[in-house]
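Only one structure is covered here, and it is reproduced in the block below.
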4 protein chains.
Amino acid sequence: MTPNRRGRPREQGIDAAVRAAVNELLEEVGYQRCTVDAIAARAGVGKAALYRRWKSKAELVFAAVVHDDAIAAPHDTGTLRGDVASVLADIQSALDGPQVRNALPGLLADLRAEDGPTARLGELFLIRERAYLAEVLDRAIARGELARRPEVPVVHAMLLGSVFAWLHLLREAVPPGGLADALAPGLYGAIIELGR
Amino acid sequence: MTPNRRGRPREQGIDAAVRAAVNELLEEVGYQRCTVDAIAARAGVGKAALYRRWKSKAELVFAAVVHDDAIAAPHDTGTLRGDVASVLADIQSALDGPQVRNALPGLLADLRAEDGPTARLGELFLIRERAYLAEVLDRAIARGELARRPEVPVVHAMLLGSVFAWLHLLREAVPPGGLADALAPGLYGAIIELGR
Amino acid sequence: MTPNRRGRPREQGIDAAVRAAVNELLEEVGYQRCTVDAIAARAGVGKAALYRRWKSKAELVFAAVVHDDAIAAPHDTGTLRGDVASVLADIQSALDGPQVRNALPGLLADLRAEDGPTARLGELFLIRERAYLAEVLDRAIARGELARRPEVPVVHAMLLGSVFAWLHLLREAVPPGGLADALAPGLYGAIIELGR
Amino acid sequence: MTPNRRGRPREQGIDAAVRAAVNELLEEVGYQRCTVDAIAARAGVGKAALYRRWKSKAELVFAAVVHDDAIAAPHDTGTLRGDVASVLADIQSALDGPQVRNALPGLLADLRAEDGPTARLGELFLIRERAYLAEVLDRAIARGELARRPEVPVVHAMLLGSVFAWLHLLREAVPPGGLADALAPGLYGAIIELGR
DNA sequence: AATTAATCGAGACGGTACGTCATGTCTTGAT
DNA sequence: ATCAAGACATGACGTACCGTCTCGATTAATT
């Protein structure tokens, strides 16, 4: 995976074209019928170019679906209550796009089945999300809203899991006021309780 | 799926043999490499017998993995705090077995990909869990621990999602004190906040 | 394929290095697994340099395998019987090297599949062989061994074909006395019959 | 490759359908562009059914192209001269069909590249052809045309090779009188010489 | 000396075929 | 009508190879 120093450099447009193709196909036909051949054809690219960059369909789709700005810089709303709602909104926007929503279950399954370091769903993604979360909690402590910092993984599981469960396990419709608003009060209460 | 009226009756031992084979294979090789052919071979059964009973691999595995006592009768511990921990323990025990843990992501993906009523195969499971949850909340109200009943789907998403995220998204190790104990305080706080 | 007039001249050593690489690989792994990439790598050469010189793998291998002295000057042994054995020995030495033996079937297939003039790349080789043959026959007439000159293509087919069939169709082991000696008497008889 | 005793028997029509498809494709597009996928599609058959019967494209095509009646029962014309012409005509008809002619070079190359017993081009085919030849020679001895039996492989190489060379090495047009008639006199002379 | 232009090694690119594998259906003969 | 065994169509996957192209660096002959 180390880029080459000599030889023809990788063409720039391919990554973008592939991402676009994947996202279109995910939306049109879902994960399972979003074929590697179809992706290559739609992107106007050979399969070799795909497998040169990613080592499986799962990695390919993952890379196409996770955009780096998924987790924006942690927005400070001034209150923990507001920050929690903001984090939830970010999580929702990362999980609820038409592509991600179609891709996530299949992706989870395929990444799990592969061995190697990529098997963990977006290590990087989760690490950044966790750091984000730690910062939000620390701000709340600085404001005096929390006495101590709760275990970050616990908070992480509650926030991420609640959104995921709503969308993919319970498969409830997103409520009119927005999913973040529906979940925020309870999860705010949870954090307060843990930070007491 | 209607059983036969005439002709040779279905052999009794098959269901059990298949369940056993599925569970062994799930544990040994995971969901994707737990092939229908492998299941049939291990169970000493023809594939036709499988598809006579279940209409897809996903249904087959689901049936083999979900034991009816997954959601026990709602145990009344006397306090909401205790009940929440008890529910969480039940959820964890339903999701954390060596088979379910391996099967769940693949199952989610395949059930989602199927169209028609099978897609909601987990419905029954979820409905019972939700009823269970409603009862726990109502007991808390009766005890005076809650002023009003929170939205059940919200609570459901938080409880189920937290466990799922811990196990399958964050893939954290189960903490020494047990997963339920780690998550219970926060989620108790969440319910209190929502029932205020 | 026209050489350049201006600019950097082609490096001299490349042709030799490539020929060597091809012959090694043919002997080691055969025609099909003698990849263009492998040739380039072994020769320490870029693929572009190969395709600048030859227009396909088949041409490349053909050039590497056919040495110009393949058909030596027609050696006059003094009798038709001797000349036939000599021609056969030449043909065998052209077809029976460890490289040619491995390359020939694949080469035949690929050259045939290409359209255009390359398909007849062996032409030159065959034309010279045929001229050689005509000379041998004419000498026999001059000696009075033959009354008239047989059809050269017929004689050609018999001589070349017998050797080829032995090596590549029947895949018989080369007999102890040498292939030429085993085939010469019969083919001498054939020519006598045709020249009667 | 042992046929099954239990389970669904192999469908009968498939072999015939595949042979037909292969022969059509060979004639239309040649060996290299006669794709396994195209064969399966044209025959209305899955690729698995093909690979269940033959272990590579080469074997598949070989089986489709060699028809069992390729070498008919050795026809006794009453004279060695006539028998030789008859054998040659048989060989030509086996090698000169529009399909075989297209397939042979590619087939030779691919079979050679594979390891294992099939690598030898139609062992069975050659064995039968050789037996045929031995019988022709023995008849000639019985008639008193030959004093002793020439080495069969040598005769085999001359007869088979001459035809093959004419068609695939020299790539001469088949002469008006027929290829067998053009080659028969010389090869008759060869056999006489060897049997003297 | 500066310019020009064809070459060099390296390696990415599009296309295309291969052979494998899994799903769900179907077909045997036997129970 | 069921059973075990196993063949069937479909269709995706990941690998391999070919011949082309693109990069930055060389290397001569021409200005």
Side-chain angles (χ1 to χ4, degrees), chain A residues 3-11 14 32-38 40-41 43-53 55-57 110, chain B residues 3-11 14 32-38 40-41 43-52 54-58 60 110, chain C residues 3-11 14 32-38 40-41 43-52 54-58 60 110, chain D residues 3-11 14 32-38 40-41 43-53 55-57 110:
Chain A
N4 57 316
R5 185 152 295 284
R6 286 211 284 266
R8 177 175 177 176
R10 295 206 179 153
E11 216 154 280
I14 288 186
Q32 348 270 342
R33 295 171 50 196
C34 167
T35 300
V36 174
D37 290 83
V45 150
K47 280 170 67 175
L50 300 185
Y51 284 102
R52 206 174 288 120
R53 289 170 169 74
K55 52 185 241 263
S56 68
K57 172 185 168 182
D110 284 0
Chain B
N4 56 318
R5 229 167 231 303
R6 287 204 295 270
R8 174 175 177 176
R10 290 199 183 160
E11 214 154 282
I14 289 186
Q32 350 268 344
R33 296 171 51 198
C34 167
T35 302
V36 175
D37 290 83
V45 148
K47 282 169 67 175
L50 300 186
Y51 283 101
R52 210 172 287 120
W54 302 278
K55 46 190 262 248
S56 70
K57 171 184 170 182
L60 194 173
D110 283 0
Chain C
N4 57 319
R5 218 157 246 306
R6 286 205 295 270
R8 176 177 178 173
R10 293 200 181 158
E11 215 153 281
I14 288 185
Q32 350 268 345
R33 295 171 52 197
C34 167
T35 303
V36 175
D37 291 81
V45 149
K47 282 169 67 176
L50 300 186
Y51 283 101
R52 210 173 286 120
W54 302 280
K55 46 189 261 250
S56 69
K57 171 184 170 181
L60 194 173
D110 283 1
Chain D
N4 56 315
R5 185 153 294 283
R6 286 213 284 266
R8 176 175 178 177
R10 293 203 179 155
E11 216 155 280
I14 288 187
Q32 348 268 340
R33 295 171 52 197
C34 167
T35 300
V36 175
D37 290 84
V45 150
K47 281 169 66 174
L50 300 185
Y51 283 102
R52 205 175 290 121
R53 288 170 170 73
K55 52 184 241 263
S56 68
K57 171 184 169 181
D110 284 0

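Throughout, a chain's letter reflects where its sequence line sits, starting with A, and its residues are numbered from 1. Remember, predicted model here, so these are calculated numbers, not experimental data.
A:I14 contributes atom CD1, which lies 4.5 Å from atom CZ of A:R53 (distance to the nearest 0.5 angstrom).
If you take CZ of A:R52 and C1' of F:dA16, they are 12 Å apart, rounded to a whole angstrom. Residue B:W54 contributes atom CH2, which lies 15 Å from atom P of E:dT25 at whole-angstrom precision. Rounding to whole angstrom units, CD of residue C:Q32 and P of F:dC18 are separated by 10 Å.
Shortest non-hydrogen contact noted between C:A40 and C:G46 is CB-C, 4.3 Å.
In the set F:dA4, F:dC17, F:dC8, F:dC17 carries the atom at the smallest distance from any side-chain atom of C:T35.
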Using side-chain contact (heavy atoms from CB on, under 4.5 Å), reason through C:L60 and C:K55 one step at a time and then give a plain yes or no. CA-CA 7 Å; C:L60 194 173; C:K55 46 189 261 250; over 6 Å; no
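If A:L50 and C:G46 are placed on DNA chain E by their nearest nucleotide, the residue sitting closer to the 5' end is C:G46. Comparing B:A43 and C:R33 by the nucleotide of DNA chain F that holds the closest heavy atom to each, the one mapping nearer the 5' end is B:A43.
Counting heavy atoms from C-beta outward, B:K57 and B:L50 have side chains that stay 4.5 Å or more apart. At a threshold of 4.5 Å between non-hydrogen side-chain atoms, the residues A:V36 and A:Y51 count as touching.
Proximity of A:R10 to the phosphate of E:dG11: no side-chain N or O atom is located under 4.0 Å from OP1 or OP2.
Under the salt bridge (Lys or Arg N to Asp or Glu O under 4.0 Å) criterion, D:K47 pairs with D:D37, not counting sequence neighbours.
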What string of B, S and - do you get for nucleotides 19-24 of chain F, 5' to 3', if B is base contact, S is sugar-phosphate-only contact and - is no contact with any protein heavy atom under 4.0 Å? BBBBS-
